[in-house]
Amino acid sequence: MQKEVRRLKEFAVNEYGEQPPITKVDTEWLKEDISDTLY
């Protein structure tokens, strides 16, 4: 099983490249009663 996981990880990196760093997204505005965001 570990060999298969390693093979699939290598395939994903070769096909799509390394994963970009994860950034925190501000979602607090979704909880506000009144928002300045236009949809």
Side-chain angles (χ1 to χ4, degrees):
M1 187 69 163
Q2 293 295 331
K3 192 175 189 179
E4 183 68 8
V5 170
R6 198 174 314 117
R7 186 183 72 77
L8 291 172
K9 281 183 180 180
E10 287 177 11
F11 171 78
V13 169
N14 290 336
E15 189 73 18
Y16 304 109
E18 292 289 330
Q19 179 179 354
I22 298 172
T23 57
K24 183 167 171 48
V25 178
D26 180 23
T27 57
E28 290 300 314
W29 61 271
L30 292 170
K31 300 175 188 174
E32 294 177 3
D33 291 337
I34 299 173
S35 175
D36 294 337
T37 306
L38 299 176
Y39 297 100

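The neighbour count for Glu15 CD, taken as heavy atoms of other residues, nucleotides or ligands under 6.0 Å away, is above 12.
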Is there a salt bridge (Lys or Arg N to Asp or Glu O under 4.0 Å) between Arg7 and Glu10? Walk through the geometry before answering. CA-CA 5 Å; Arg7 186 183 72 77; Glu10 287 177 11; over 6 Å; no

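Glu4 contributes atom CD, which lies 10.5 Å from atom CZ of Arg6 (distance to the nearest 0.5 angstrom).
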